[in-house]
**Student:** 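The structure that follows is given in the form of structure tokens.
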Amino acid sequence: MLNPKQQEAVANITWPLLIIAGAGSGKTHTLTERIAHMVKDSGIRPDSILAVTFTNKAAAEMRKRIGEKLGVEAENINPFRNKWLPLVGTFHSAGVYFLRFFADRIGYEKNFVIYDEDDKSKLVKWIIHDKNIDNENITPKIVMYEISHSKNNGITASLYSNYVDSFIKEKIYEIYTEYEKRMKQSNAMDFDDILIKTLELLHNKEVLEIFQNKYEYFLVDEYQDTNEIQYQIVKILSSKTRNLCVVWDDWQGIYSWRWANIKNILHFEKDYPEARTIKLEQNYRSTKNIINAANTVIKHNKEALDKTLWTDNETGEKIKVIETVDEKDEAAEIASLISDKGNYENWAILYRTNGQSRAIEEGLIRRWIPYTIYGWIKFYERKEVKDILAYLRIIANKFDNLSLKRAINIPSRKIWDKSVEILEHYASNYSLQMLEVLENVQEISEIWPQARNSMNNFYKLYLELCSFAGENSPNKLINYVIESINYIDYLKNSYTKGDFDTKIENLEEFENMASRYDGLDYSEWLQMFLEEIALLTDQDRDNSGSKWVLLMTVHMSKWLEFENVIIAGCEEWLFPHSRSLEEPKEMEEERRLMYVAITRAKNNLYITRAHERYYFWNYSSNPQSRFLREIPTEFKNEIGSTKPSKQDFIFSSLKGSSGSWFSFGSSLPSSTPKKETVSNNVSDFKMLDKVSHPQFGNWTIISIDGDLGQIVFEWFGVKKMSLKIAPIRKI
């Protein structure tokens with residue numbers, strides 16, 4: 001069913017169109033129905049439609065829904081090769097698709113690889129080292145930020161010279177130039193390159209004409225998150241037909257730090273003065289109290305479009321504001337609340353900065369509450385997966401020197417860094433690829449004979465793997481790589497039993513994921529698989545089946561929703577962040593961030609704040625967040641902590657024995673229920689013993705000091721426990 005405004009947006013295929021969609025207003029449903037209407041009722045060819053959004057997860061969901069509407073299988077297929085479906089993807093996946101056809105027009109081989117942030121960091125570090133640049137002030141992190149910032153604003157390495165106004169920028173220019181040179185030599189692009197190279201490609205009139213003839217209708221979700229390059233790509237592609245529909249919510253524009261330009265709506269209005277505007281303001285997610293609170297907060301922003309969220313949902317419970325003494329008390333109150341209510345999978349704890357999670361984690365652990373941090377290390381960034389990926393990448397692209405330098409000595413072949421440097425030196429001097437030098441490595445006398453033999457054997461292995469890849473399925477190739485390099489023995493000799501088991505499970509999952517491409521030709525499946533991995537972002541993490549409490553930053557929560565939400569740390573200097581206090585534009589983005597946090601909650605919303613917090617090696621007392629003060633009293637209840645603060649003791653003589661420095665109301669219980677006493681014999685445990693914990697599972701003791709043991713838990717890291725009283729048993 002569609003409401004009247006959604007129906008209007010679906011039925012109106014007069015272009016261009018601006019859909020202003022509030023949080024939880026069913027925009028994905030509306031876009032899906034609109035595309036189905038275009039195909040089924042208006043006779044528009046599905047493969048003439050290009051729809052882009054910002055996460056692979058959102059794109060996959062939209063493809064699935066459209067496929068169901070059109071009666072077309074949309075899962076586990078190449079979304080770019082099906083004439084019965086629109087092309088639905090992210091800006092980056094669509095860009096890679098374009099580049100695979102025409103990368104040679106801008107000086108790349110079509111089988112280019114995509115470097116992730118770890119690859120990028122390694123390359124920058126090597127360049128800094130090779131150029132003997134003092135990295136005390138010019139760190140890889142600073143350089144990577146400056147390169148990314150430049151690319152997202154259309155500033156290539158050659159153009160960057162116009163912005164050099166200091167010694168540091170001069171050195172960054174030197175590194176940036178060398179970085180681009182080495183990337184080109186490796187036939188590699190980084191995540192930012194995908195967009196800037198796509199735009200460069202579309203400036204080729206012949207290529208642009210091909211894509212404009214293929215795609216006539218364009219839809220862009222989350223338009224407020226587009227940056228300058230993405231805006232230019234959309235503008236160029238749609239310039240011929242002007243058949244453009246964008247979905248916009250300025251209230252959820254929270255990514256300026258990723259160079260999103262919320263002013264792109266002004267560009268849209270200027271480029272398409274004839275555009276029609278439709279507002280989706282009915283919220284289907286949250287209770288009336290939550291929606292009313294979100295409205296009143298966001299409307300304190302001066303630069304906000306005129307709209308008001310409303311809902312037919314029930315009024316619901318008032319928002320509970322929990323006042324606490326300090327961050328430890330805050331964590332205890334949060335844990336107590338969740339423990340009392342239960343149903344861990346229905347809870348999310350949101351915070352402004354990653355540093356807040358430590359105290360919250362400790363509070364949850366004390367209550368035996370299982371949790372996971374949303375946005376932890378991605379599966380494909382785990383060492384064992386990246387090691388095998390390096391082999392797959394050099395099979396796919398012989399120019400990939402970065403992957404070659406990783407694979408050549410994993411497992412160790414006693415090929416030291418100096419030998420690899422000599423190899424690189426020869427490749428550079430003779431304008432060859434490192435693999436071409438390896439082919440004749442026995443002729444390089446500067447390399448130690450043992451290393452030469454190892455390099456020669458590695459090259460023979462490479463040829464063998466390439467031959468195997470051309471005749472076998474994806475998961476068989478991965479398994480063959482693992483067996484050929486004796487990788488299992490390498491892991492067994494390098495890690496504890498617990499870590500080894502986990503890594504084997506990850507490799508098995510890696511093989512399983514590759515098996516989805518069974519049946520495809522080698523040249524196609526390997527490229528598709530590597531692209532899928534490279535284009536995953538932190539927003540694509542899937543925790544849909546989690547039975548644990550989820551912890552995450554507010555930024556990470558944007559595309560999610562939860563039955564119960566706790567927003568922690570709502571104090572001035574923290575949320576809003578101190579960086580925004582003197583800049584009105586940044587303060588408005590902080591308020592949009594609060595709006596996003598509030599509207600993640602479906603039924604119950606709790607907001608906590610501490611009167612004092614240990615911050616940068618010192619205690620600070622910060623006032624209540626202005627965002628809390630902006631929520632009218634009719635939508636919230638304030639609850640105080642039962643625990644006395646340091647100020648209570650200091651000022652009790654001024655307030656009387658029953659007085660309190662803070663005015664707290666009724667409170668949630670903060671005492672931990674008693675548990676059955678455990679008494680273990682410490683001498684029964686030794687290092688590398690596997691133990692079972694009732695909440696954390698079966699893991700390994702890695703050290704013992706007296707009765708204190710350090711135990712590795714997969715999701716919780718290394719934790720210290722008293723072996724005498726911890727609820728563990730040896731297995």
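We count residues from 1, following the sequence as given.
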**Student:** Grab the two heavy atoms, one from G569 and one from E330, that are nearest each other, plus how far apart they are.
**Tutor:** N-OE2, 2.9 Å
**Student:** Crowded around R358 CZ? As in, over 12 foreign heavy atoms under 6.0 Å?
**Tutor:** no
**Student:** Partners of E589 by salt bridge (Lys or Arg N to Asp or Glu O under 4.0 Å), sequence neighbours excluded?
**Tutor:** R592
**Student:** Quick one: do N354 and T553 satisfy side-chain contact (heavy atoms from CB on, under 4.5 Å)? Show the steps, please.
**Tutor:** CA-CA 6 Å; N354 281 304; T553 63; 3.3 Å; yes
**Student:** Between I334 and I566, what is the shortest heavy-atom contact and its length?
**Tutor:** CG2-CD1, 3.7 Å
**Student:** Give the C-alpha distance, both sets of side-chain angles, the deciding distance and a yes or no for side-chain contact (heavy atoms from CB on, under 4.5 Å) between L530 and L389.
**Tutor:** CA-CA 8 Å; L530 293 176; L389 265 176; 3.7 Å; yes
**Student:** What closest approach, in Å, do K120 and S148 show between heavy atoms, and which atom pair accounts for it?
**Tutor:** NZ-CB, 3.9 Å
**Student:** Show the nearest heavy-atom pair for residues Y495 and K383, with the distance to one decimal.
**Tutor:** OH-CD, 3.4 Å
**Student:** Let me know which of V554, I607, I254 forms a side-chain contact (heavy atoms from CB on, under 4.5 Å) with M594.
**Tutor:** I607
**Student:** Would you call K386 and D116 a salt bridge, taking side-chain N to carboxylate O under 4.0 Å as the test?
**Tutor:** yes
**Student:** Verify the distance criterion only: is there a donor paired with an acceptor across the side chains of E505 and T502 at less than 3.5 Å?
**Tutor:** no
**Student:** After noting the C-alpha distance and the side-chain angles of Y179 and Y115, does the key distance pass the ring-ring contact (aromatic ring centres under 6.0 Å, His included) rule?
**Tutor:** CA-CA 12 Å; Y179 174 83; Y115 283 177; 8.3 Å; no
**Student:** Decide yes or no for V565 and I349: does some side-chain heavy atom of the first lie under 4.5 Å from some side-chain heavy atom of the second?
**Tutor:** no
**Student:** Please determine if K418 forms a cation-pi arrangement with W448, meaning its NZ or CZ atom is less than 6.0 Å from the six-membered ring centre and no more than 45° off the ring axis.
**Tutor:** no
**Student:** Drop me the distance from D417's CG to W126's CH2, to the nearest 0.5 angstrom.
**Tutor:** 9.0 Å
**Student:** In terms of side-chain geometry, is the basic nitrogen of D387 or R406 positioned less than 4.0 Å from the acidic oxygen of its partner?
**Tutor:** yes
**Student:** As a quick check of understanding, evaluate salt bridge (Lys or Arg N to Asp or Glu O under 4.0 Å) for D501 and K690, giving each step before the final call.
**Tutor:** CA-CA 12 Å; D501 290 343; K690 203 164 196 180; 3.3 Å; yes
**Student:** Above 12 or not: heavy atoms from other molecules or residues under 6.0 Å from CG of D489?
**Tutor:** yes
**Student:** Using side-chain contact (heavy atoms from CB on, under 4.5 Å), reason through H611 and V325 one step at a time and then give a plain yes or no.
**Tutor:** CA-CA 5 Å; H611 285 273; V325 176; 5.9 Å; no
**Student:** So, do F510 and F529 have ring centers that fall under 6.0 Å from each other?
**Tutor:** yes
**Student:** Answer yes or no: is there an ion pair linking R729 with D684, defined by an N-O contact shorter than 4.0 Å?
**Tutor:** no
**Student:** Can a salt bridge be assigned to the pair R285 and E561 using a cut-off of 4.0 Å between side-chain N and carboxylate O?
**Tutor:** yes
**Student:** Kindly write out the residues that satisfy ring-ring contact (aromatic ring centres under 6.0 Å, His included) with Y487, not counting sequence neighbours, or none if the list is empty.
**Tutor:** Y490
**Student:** Checking E571 against R613 for the salt bridge (Lys or Arg N to Asp or Glu O under 4.0 Å) test, could you report, in this order, the C-alpha distance in whole Å, the side-chain angles of both residues, the deciding distance, and whether it holds?
**Tutor:** CA-CA 10 Å; E571 304 135 34; R613 189 177 296 273; 2.4 Å; yes
**Student:** Any ion pair linking D689 and K686 (charged N to carboxylate O, less than 4.0 Å)?
**Tutor:** yes
**Student:** For side-chain contact (heavy atoms from CB on, under 4.5 Å), just list the numbers for L535 and F191, CA-CA rounded to whole Å, side-chain angles, deciding distance to a tenth of an Å, and then say yes or no.
**Tutor:** CA-CA 8 Å; L535 296 178; F191 206 65; 3.9 Å; yes
**Student:** Just verifying a value: how many Å separate L123 CG and D190 CG, rounded to the nearest 0.5 Å?
**Tutor:** 9.5 Å
**Student:** Does D499 pair with K503 as a salt bridge, N-O distance under 4.0 Å?
**Tutor:** no
**Student:** Checking side-chain polar atoms at under 3.5 Å, does N564 have a donor or acceptor matched by the opposite partner on N604?
**Tutor:** yes
**Student:** Can you confirm whether more than 12 heavy atoms, excluding those of K730, are under 6.0 Å from its NZ atom?
**Tutor:** yes
**Student:** On the 0 to 90° scale, with breaks at 30° and 60°, tag the F575-F627 ring pair as parallel, tilted or perpendicular.
**Tutor:** perpendicular
**Student:** Rounded to the nearest 0.5 Å, what separation is found between the CD1 atom of I319 and the CG atom of L628?
**Tutor:** 9.0 Å
**Student:** Between S403 and R393, do the side chains contain a donor N or O and an acceptor N or O under 3.5 Å apart?
**Tutor:** yes
**Student:** Are R352 and E590 ion-paired here, with the side-chain N under 4.0 Å from a carboxylate O?
**Tutor:** yes
**Student:** Would you say that more than 12 heavy atoms from the other residues, nucleotides or ligands in this model lie under 6.0 Å from the CD of E563, or not?
**Tutor:** yes
**Student:** Decide, yes or no, whether a salt bridge links E323 with R609 under the criterion of side-chain N to carboxylate O below 4.0 Å.
**Tutor:** yes
**Student:** OH/Y344 to OG1/T372 distance, rounded to the nearest 0.5 angstrom?
**Tutor:** 15.0 Å
**Student:** What are the two closest heavy atoms between K341 and W347, and how far apart are they?
**Tutor:** CB-CZ2, 3.4 Å
**Student:** For E327 and Q356, test the side chains for any donor-to-acceptor distance below 3.5 angstrom and give the result as yes or no.
**Tutor:** no
**Student:** Determine, for F562 and K602, whether the Lys NZ or Arg CZ falls below 6.0 Å from the six-membered ring centre while staying within 45 degrees of the axis.
**Tutor:** no
**Student:** Rounded to the nearest 0.5 Å, how far apart are CD1 of I114 and CD of E532?
**Tutor:** 11.5 Å
**Student:** Salt bridge check, D119 against K405: does any charged N sit closer than 4.0 Å to a carboxylate O?
**Tutor:** no
**Student:** Please determine whether a side-chain nitrogen of the Lys or Arg among E572 and R626 lies less than 4.0 Å from a carboxylate oxygen of the Asp or Glu.
**Tutor:** yes
**Student:** Could you report the tightest heavy-atom contact between W548 and Y371, atom names first, then the distance?
**Tutor:** CE3-O, 3.0 Å
**Student:** Would you say that Y374 contacts L560 through its side chain, given a criterion of any heavy-atom pair below 4.5 Å between the two side chains?
**Tutor:** yes
